[in-house]
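One structure is given here, and the rest of the page talks about it.
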Number of protein chains: 2
Amino acid sequence: MAAQTAALTGLARVNLRQQALTALRRAITTGALAPGTHLVETELSEQLQVSRGTLREALRQLQQEGLVSAGPRGWLSVRTLGAPEVLDVFAVRAALESMAVRTLSRREDRAAVVTALRERVRAMEQVVDRPLEDRVEADLDFHRALCELTGNATLLHTWQALEGSIRMSIMWAGTERAVSNMRVDRHAAIVDVIDAGDVTAAVDCVQAHMDEAAANLVS
Amino acid sequence: MAAQTAALTGLARVNLRQQALTALRRAITTGALAPGTHLVETELSEQLQVSRGTLREALRQLQQEGLVSAGPRGWLSVRTLGAPEVLDVFAVRAALESMAVRTLSRREDRAAVVTALRERVRAMEQVVDRPLEDRVEADLDFHRALCELTGNATLLHTWQALEGSIRMSIMWAGTERAVSNMRVDRHAAIVDVIDAGDVTAAVDCVQAHMDEAAANLVS
DNA sequence: AGGTGACCCACTGTCGACAGTCAACACTGG
DNA sequence: CCAGTGTTGACTGTCGACAGTGGGTCACCT
């Protein structure tokens with residue numbers, strides 16, 4: 001019996017709402033569902049093969065994530081992002097991540113944090129030759145880790161609520177403009193200042209990183 | 001006709017989901033639904049006289065707002081807040097509002113902003129003798145206005161996603177500890193530094209205000 | 001032509017019911 | 001007594017159907 005239980009792993013049972021949510025989020029952040037597209041519940045539920053009720057729950061969440069916006073009569077459409085919105089998103093993102101590095105660089109036991117972050121930087125290095133999609137993933141992993149490592153669950157949660165909008169911003173800007181934000185050395189620099197424990201330098205570094213990223217995207 | 005349209009205001013037609021959402025949020029933030037309470041869909045739908053589907057959409061939103069947390073089997077319960085969580089919430093809140101005042105105090109045309117804020121401060125003055133509930137409302141109005149006046153919709157949206165948690169924190173702390181955070185002069189000071197246009201002073205002021213508020217709540 | 005009323009159509013809002021799942025408890029053979 | 005096995009009850013997950021609503025169209029009246 002022991003041999004069996006060792007071989008058998010728990011089944012991944014994820015409910016339809018979650019699946020629908022993931023599928024929709026992906027469709028939107030990859031551009032498969034173009035901004036402005038009117039989302040008709042009956043159509044989507046048929047395409048995804050889920051009931052409208054289930055679909056609606058997923059749509060509500062996307063709405064709160066800011067990927068989907070509501071029209072006057074409750075009609076939903078894929079949110080249209082423009083330069084001003086992108087700047088807004090990145091301004092808030094900068095505020096959150098600034099707070100994260102301020103917290104991290106104040107910690108006494110930040111050695112472990114630095115180790116974990118360097119791991120992420122290494123992951124970024126390994127995908128420099130891969131398609132943009134993978135690089136974005138590694139980039140966001142790094143930034144998410146910044147929030148996660150603070151141990152502040154609210155911070156992580158808030159950041160993740162922005163994640164969809166961030167992905168949309170990157171997609172909206174297009175490959176050429178996005179790629180310059182994935183530079184590994186810029187991220188390594190952030191880890192270095194955290195390591196050094198210089199709070200103001202760390203905050204400035206992240207703020208600059210974000211300002212530059214936003215400027216690149218809307219340029 | 002013009003006279004009529006001026007007098008006639010649009011009828012408040014709010015769907016059941018919204019009503020359920022508001023009712024639940026209120027019940028939680030006032031403590032009518034105590035933290036840790038297991039939320040049974042069938043019970044709630046019967047109490048609120050809405051179908052389970054409608055109720056579920058409202059619950060999902062509350063879940064994302066952090067007022068409701070999910071157990072292992074999809075079971076929902078009112079989130080239990082402790083001192084660490086309160087500090088986390090207020091740390092994120094401080095980051096957001098700091099960013100708001102930084103933005104505001106940099107604006108050339110901040111005179112209008114200052115006017116609007118002083119209006120809110122005046123509103124706070126007028127409710128000093130009223131019950132705590134009203135004072136909290138005025139206080140949050142002020143802080144929400146900080147975010148709103150930046151014109152950054154993402155910032156406002158993010159702040160509002162935290163609003164429920166903030167209210168829970170205040171309720172959790174109890175009247176005595178919460179009341180000292182409603183001091184009018186502390187808020188007037190914030191407006192003053194924005195007016196002066198001193199960016200670093202403004203940020204420090206808000207940060208101090210938030211630190212103090214959080215410390216008061218968990219003391 | 002201009003306005004008006006009666007339709008229809010494409011949606012969203014809302015509901016009640018069925019199916020699936022887990023924990024707890026009763027049960028049964030050793 | 002007890003390990004392992006039905007059984008039950010209390011939930012959540014999911015679904016299909018009906019009702020309501022605003023926009024569009026088209027004949028009709030003036």
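These figures come from a predicted structure and were not determined experimentally. Residue numbering restarts at 1 for every chain, and letters A, B, ... go by the order of the sequence lines.
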Pull out every protein N or O sitting under 3.5 Å from an N or O of nucleotides 10-12 of chain C, one pair per line with the distance.
from, atom 1, to, atom 2, distance (Å)
C/dT12, OP1, A/Leu39, O, 3.2
C/dT12, OP2, A/Glu41, N, 3.0

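- Of the candidates A/Thr29, A/Leu55, A/Val78, A/Leu67, A/Leu55 is the only one forming a side-chain contact (heavy atoms from CB on, under 4.5 Å) with A/Leu24.
- Note on residues 111-120 of chain A: pairs passing side-chain hydrogen bond (donor to acceptor under 3.5 Å, both in side chains), not counting sequence neighbours, are A/Arg118-A/Asp192, A/Arg118-A/Asp195, A/Glu119-A/Arg122.
- Read 5' to 3', the first and last nucleotides of DNA chain D with an atom closer than 4.0 Å to a heavy atom of chain B are D/dC11 to D/dG22.
- A donor-acceptor contact under 3.5 angstrom links the side chains of A/Thr54 and A/Ser51, judged on distance only.
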Task: Chi angles and distances behind the side-chain contact (heavy atoms from CB on, under 4.5 Å) call for B/Leu81, B/Val89 - done: CA-CA 10 Å; B/Leu81 235 52; B/Val89 168; 5.5 Å; no
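- B/Arg25 meets the side-chain hydrogen bond (donor to acceptor under 3.5 Å, both in side chains) test with B/Glu65; sequence neighbours excluded.
- Among residues two or more places apart in sequence or in another chain, the side chain to side chain contact (heavy atoms under 4.5 Å, CB included) test is passed with B/His209 by B/His143, B/Arg186, B/His187, B/Ile190.
- Shown here are the salt bridge (Lys or Arg N to Asp or Glu O under 4.0 Å) partners of A/Arg110, two or more places apart in sequence or in another chain: there are none.
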